[in-house]
2 protein chains.
Amino acid sequence: MRKQNGKSERRSGCPLNASVEMLGDRWSLLIIRDMMLLGPRTYTEFLNSYERIATNVLADRLKQLEAYGILATERDAKDRRKQIYRLTAKGIDLAPVLTEMVLWAAAYEETENAALVQEMRKDKKAFLAGVRRRGAEKTH
Amino acid sequence: MRKQNGKSERRSGCPLNASVEMLGDRWSLLIIRDMMLLGPRTYTEFLNSYERIATNVLADRLKQLEAYGILATERDAKDRRKQIYRLTAKGIDLAPVLTEMVLWAAAYEETENAALVQEMRKDKKAFLAGVRRRGAEKTH
DNA sequence: CAGGATCCGTTTCGATACTG
DNA sequence: CAGTATCGAAACGGATCCTG
């Protein structure tokens, strides 16, 4: 488990000091993005999504995201061996953050999957609805 | 300097793969937040803002953010020893991302500086204008 | 004194081997 | 399949030193 690093910041009047622990992490963001765009995932699907994530790091981040209440786990009803990771309501509410990140990145950094970006830009609410719908999927 | 880690992700159809390098970093986010809320800053001001940032890490992040075009440096006209770090237009355009982060954090994690959060929630455009105004300040 | 660079002990990461 | 254990490499936090 990662260092929990309780009191890191001196500045007290500023928001975000606590949550930056979770949002300021490369892998956590990618995990959240994948669940938003693709719906509930399994451990192995995450593992195959990123070239350079180690199994222990993935396990650590999933555990941490669950502890934060951003995702929840359940067993696949059909295949009891499989475990499904799914965004909670709290996790789904991160969609606007990810949306703004993607729009910024699209404007300045990259143009990958321009169609999706276009959809997000044109109608943020429709995109958010899509995230909610995928979050509610039984399986994928 | 931090590892630049060229090709980290396998998934090609998803946006955000590149920019997560910059946005998925704890200190970068805090540096950007400080400049948005407080205007242009000096190295020493950043250093005093966070209890646990090391001088080499701060220097590294400032260098990296400058390389990304998110901030720019200039010398203080009055005190030539001082160097001022200021958000560029590209950096200012990150305001929506930070705004959504703060609103999410306020809803679920913390309630620090509720007045500011209230302002952001009520009128995002006014808050963005404030960021722009602070960004244009001559000194602070 | 402001803005770092350098060294050093500790923590985290990435890779891989292994296990319930 | 879903992780845990281990280990070398990289990054980090802290202190100190350097330079204008």
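Numbers restart at 1 for each chain; the letters A, B, ... are given by sequence-line order, proteins then strands.
For the pair Asn56(B) and Tyr43(B), nearest-nucleotide mapping onto DNA chain C gives the more 5' position to Tyr43(B). Mapping Thr44(A) and Ala54(B) onto DNA chain D by nearest heavy atom places Thr44(A) at the nucleotide closer to the 5' end.
Interface remark: the Thr55(B) side chain does form a donor-acceptor pair with the dA15(D) base, using a distance-only criterion of under 3.5 Å.
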Side chain to side chain contact (heavy atoms under 4.5 Å, CB included) evaluation trace for Trp27(B) with Leu30(B): CA-CA 5 Å; Trp27(B) 295 121; Leu30(B) 290 176; 3.8 Å; yes
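For Trp27(B) and dG13(D), the shortest distance from a side-chain N or O to OP1 or OP2 is below 4.0 Å. For the pair Tyr85(A) and dG3(D), the criterion of a side-chain N or O lying under 4.0 Å from OP1 or OP2 is met. Note on Arg81(B): every side-chain N or O is 4.0 Å or more away from OP1 and OP2 of dG3(C).
Each of dC1(D), dA2(C), dG14(D) was ranked by its minimum atom distance to the side chain of Lys82(B); first place goes to dA2(C). Of the candidate nucleotides dA5(C), dC12(D), dA2(D), dA5(C) has the atom lying nearest to any side-chain atom of Ala59(B). Nearest to the side chain of Arg61(A), among dC13(C), dA15(C), dC1(D), sits dC13(C).
If you chain together hydrophobic residues whose side chains sit under 4.5 Å apart, Leu47(B) and Tyr85(B) fall into the same group.
For Gln83(B) and dA5(C), the CD to P distance is 11 Å, given to the nearest whole Å. Atom-to-atom, CZ of Arg52(A) to C1' of dA11(D) comes out at 14 Å; the value is rounded to the nearest Å. The distance between atom CD of Glu21(B) and atom C1' of dA11(D), rounded to the nearest whole Å, is 13 Å. Ile84(B) has its CD1 atom 16 Å from the C1' atom of dG4(C), to the nearest Å. Residue Lys63(A) contributes atom NZ, which lies 9 Å from atom C1' of dT4(D) at whole-angstrom precision. One interatomic measurement links the two molecules: CG of Leu58(A) to P of dA2(D), which rounds to 10 Å at whole-angstrom precision. Taking atom CZ on Arg75(B) and atom C1' on dG4(C), their separation rounds to 11 Å, with Å as the unit. Going from atom CG of Asp25(A) over to atom C1' of dA11(D) covers 14 Å, rounded to whole Å.
With a 4.5 Å cut-off on side-chain heavy atoms, Val102(B) and Arg33(B) do not count as touching.
Checked for salt-bridge contact, Asp34(A) and Arg41(A) miss the test: no charged N lies under 4.0 Å from a carboxylate O.
Around atom NZ of Lys124(B), no more than 12 heavy atoms belonging to other residues, nucleotides or ligands sit under 6.0 Å away.
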